[in-house]
Amino acid sequence: MTKVLINEKLVDEQDANVPYNDRGYVFGDGIYEYIRVYDNNVFTAKEHFERLLRSAKEIGLELKYNVDELTELIQELLSTNNIVNGGVYIQVTRGAAPRDHAFPTPSVEANIMAFTKSYDRPYKLLEEGINAITTEDIRWLRCDIKSLNLLGNVLAKEYATKYNAQEAIQHRGDIVTEGSSSNVYAIKNGEIYTHPVNNYILNGITRMVIKSVAEDKGIPFNEEVFTLDFLKNADEIIVSSTSIEVMPVVKLDGENVGDGEVGSITKSLQEGFNRYIDTHS
Ligand SMILES: *Cc1c(COP(=O)(O)O)cnc(C)c1O
């Protein structure tokens, strides 16, 4: 029987319930992480848990666990569910309390929940690339927090799905920010361009890995804003996240990106990413 982590207990999936007045449910008042497991290894676990603690701090949520304690809780869940290749979703909410926008006083205990999923890497898509569509970024101005409030992201992804694309690339006016659940890179004349880390994007762990791979390979990694027009004229486009890794975009708004094939810089970054997985486990 598959288990779900609810606070410190591993409970059977069908018994895994949370209170009706949990603030995550009522307000989206909470934060989350998604971590990949490769060959029994929880990939970049420390970076993810550190980001979870940062998100918690940014919304004034007190979490009683440190990185080591979180690692242990999640590791136990993964072992119990026998996850060899897959992922683990973790969310923390401000807890259950009578509905009132302001934080509960006295404060209540945060609720932590985690579940696992077993699956392989997206080999076929990584080789062939995906379609993306562009859409206005309508999200709030603290996109650096991995918040449960995902309505803007949900509507963007639904728009992509409706038009046969696998990801929506968002822009605020002229400036490209990021995907609905991924970071975005335009490659032009052998150089990578991606939005700088600030409140307009989520600072992806995969982005950090790509940056390190690019630096190792001597590929210029420019953390600069760029326009929608620049993106449309890019030689190659990549979107990245924990689940889609270094994903080539071969069609944007129905038009070929470059020659419509997965480009050489993309392939080189994918190769470096694979090596990074092998050397960090
Ligand atoms: C999680 C997420 C990403 C990717 O972050 P990773 O740490 O690489 O998984 C990018 N953008 C948004 C909006 C996200 O929620």
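When a ligand or atom number is given, it counts from 1 through the structure's own listing order.
- Aromatic rings from His280 and Phe43 are positioned such that their centres are separated by 6.0 Å or more.
- Contact of the Lys64 side chain with the Glu109 side chain is registered, since non-hydrogen atoms from C-beta on lie closer than 4.5 Å.
- Side-chain contact between Lys267 and Pro248: absent, with no pair of heavy atoms (C-beta onward) separated by less than 4.5 Å.
- Proximity of a side-chain donor or acceptor of Asn149 to a complementary backbone N or O of Gly28 within less than 3.5 Å is detected.
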Between ligand 1 and the protein, which N/O pairs are shorter than 3.5 Å?
unit_1	atom_1	unit_2	atom_2	d
ligand 1	7 (O)	Arg51	NH1	2.8
ligand 1	7 (O)	Arg51	NH2	3.0
ligand 1	7 (O)	Ile205	N	2.8
ligand 1	8 (O)	Ile205	N	3.4
ligand 1	8 (O)	Thr206	N	3.0
ligand 1	8 (O)	Thr206	OG1	2.6
ligand 1	9 (O)	Thr242	N	2.9
ligand 1	9 (O)	Thr242	OG1	2.6
ligand 1	11 (N)	Glu178	OE1	2.8
ligand 1	11 (N)	Ser182	N	3.4
ligand 1	15 (O)	Tyr32	OH	3.4
ligand 1	15 (O)	Lys146	NZ	2.7

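- In this structure, Arg36 is positioned above the aromatic face of Tyr119, its NZ or CZ under 6.0 Å from the six-membered ring centre and within 45° of the axis.
- Evaluation of the ring-ring contact (aromatic ring centres under 6.0 Å, His included) rule for Phe49 yields no partner, not counting sequence neighbours.
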